[in-house]
Amino acid sequence: MVTESEVRQAVAGARTVVVKVGSSSLTKPSGHLDTGRLNALVAALSAAATEGARVVLVSSGAIAAGFGPLGFASRPTDVATQQATAAVGQGLLMAQYEAAFGRFGVRVGQILITAEDTIRPQQYRNVQRTLGRLLDLGVVPIVNENDSLASNEIRFGDNDRLSALVANIVRADALVLLTDVDALYTAPPSESGSRRIGFVPNVVETLVDVTVTGPTSGVGTGGMVTKLEAARVAAVSGIPTVLTCASNAGPALMGDPVGTAFAPVKQRGSSRRLWIGFAAEPRGTIVVDEGAATAVRGGRASLLAAGALEVRGAFSAGDPVWVDDESGTHLARGLAGFDSEEIPQMLGRTTTQLKRFLGEEYAHPLVHRDNLVLV
Ligand SMILES: Nc1ncnc2c1ncn2[C@@H]1O[C@H](COP(=O)(O)OP(=O)(O)O)[C@@H](O)[C@H]1O
Ligand SMILES: N[C@@H](CCC(=O)OP(=O)(O)O)C(=O)O
């Protein structure tokens, strides 16, 4: 059982820390950057970086910072305008960060990620390698979703879950989520009677007595719902999390008892398997028979064509897919070993039959066990 003070100490002593800041903490409702708040955040992060911490900043705010300069009265709602607005706002955001970190002699580098880019193993490794090298060079990577190019069907949308996945990629020792409320409350803070929660020992268990909603600021995206999801992903990855307001960044990084601390609930697992489990948005489904369902549920078997009944959706080898039983229950997520159009001819065939009738290149699992994560 991890205590609150252990979580606080872990954050204070973190060698690598991922800090996520939301749109509402960096921008004014008018759609312009709030340089005062951005500078205060950068001062806190620079202090940690100059003391030797490896800091990754996941920063939202591209859309929120772009709509004012483009003459819009509020955050655009259609995808094309949002994407164009992000292209304008992201540049403004980085210019401010470069200037602000530069005053402390800290160099920054921009990394824009699409969910799609990072699902495939090759791209995942590229992201990992580049972030690692930036940190080795003493640079603060500033990460955002590549809003201008992300396709609508497959995107993070909010940066909360992205930050938990980045924490996994860089094998962070702590995650700090900065927003416009000072802590998690038992209900949205606007509701009378809502109480502040200082410590969540197990975010994976249902948080009874806690009501969370989506964003209320008009510029944020996921609200408290996605922040709890991020804390959950971090917790099961063995990473402690603190959630608080951006003006508390300094105290949070120093381990002061601000905001809400979330204890890790598990030892650190493989970051790649977590990535498959949480980040990858499935492109299709492979339906399996009872025997294969039992094998998959056992957690150590690959999914063989012999136990597969049907394939749905259009996907390429390497894409994430659901593995469902016949009643439609999701059993696992995995990365497909074949394109969806290759699979129908393979269904129900043993490995020997695949080799004999279709050739050596087909004598492989539909999803290898290394690429399969139970849900
Ligand atoms: N139980 C809760 N405790 C605290 N805040 C909550 C809760 N439920 C909903 N919220 C709302 O979530 C908002 C933060 O989410 P969001 O606007 O998406 O921020 P960000 O831009 O930082 O990602 C807060 O302003 C708050 O009103
Ligand atoms: N990638 C988007 C983030 C969207 C957003 O509002 O996120 P958040 O404020 O973290 O809920 C942007 O930079 O505008």
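Counting convention: from 1, in listed order, for ligands and their atoms alike. Computed from a predicted structure; not experimentally measured.
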Query - Polar proximity ligand 2 side, Lys227 side, N/O cut 3.5 Å exclusive - result: no
Could you give the side-chain donor-acceptor pairs of residues 102-113 under 3.5 Å, partners two or more places apart or in another chain?
unit_1	atom_1	unit_2	atom_2	d
Gln110	OE1	Gln90	NE2	3.1

Query raised in the report: Could an N or O of ligand 2 be found under 3.5 Å from any N or O of Ile63, whether backbone or side chain?
Result: yes
Query raised in the report: Does any N/O atom on Ser23 come nearer than 3.5 Å to any N/O atom on ligand 2?
Result: yes
Query raised in the report: Counting N and O atoms only, with roles assigned by atom type, does the side chain of Asp325 sit under 3.5 Å from a partner on the main chain of Thr329, one being a donor and the other an acceptor?
Result: yes
**Report entry** Under-4.0 Å heavy-atom contact with ligand 1, by part of Val21 that carries it
**Finding:** neither
Query raised in the report: Hey, mind stepping through Leu228 and Leu184 against side-chain contact (heavy atoms from CB on, under 4.5 Å) and telling me if it holds?
Result: CA-CA 9 Å; Leu228 283 189; Leu184 172 69; 4.0 Å; yes
Query raised in the report: Can Arg75 be said to touch ligand 2, with heavy atoms closer than 4.0 Å?
Result: yes
Query raised in the report: Can you list the atoms of ligand 2 that are under 4.0 Å from a heavy atom of Lys20?
Result: 8 (P), 10 (O)
Report task. State whether the shortest distance between N or O atoms of Asn144 and N or O atoms of ligand 2 falls below 3.5 angstrom. Result -> yes
Check residues 55-65 and write down every donor-acceptor pair under 3.5 Å in which the side-chain atom is one partner and the other belongs to a residue at least two apart or another chain.
unit_1	atom_1	unit_2	atom_2	d
Ser59	OG	Tyr97	OH	2.8
Ser60	OG	Asn159	ND2	2.9

**Report entry** Residues, nucleotides or ligands: over 12 heavy atoms within 6.0 Å of Glu341 CD
**Finding:** no
Query - ligand 2 contacted by Gly61 (non-hydrogen, < 4.0 Å) - result: yes
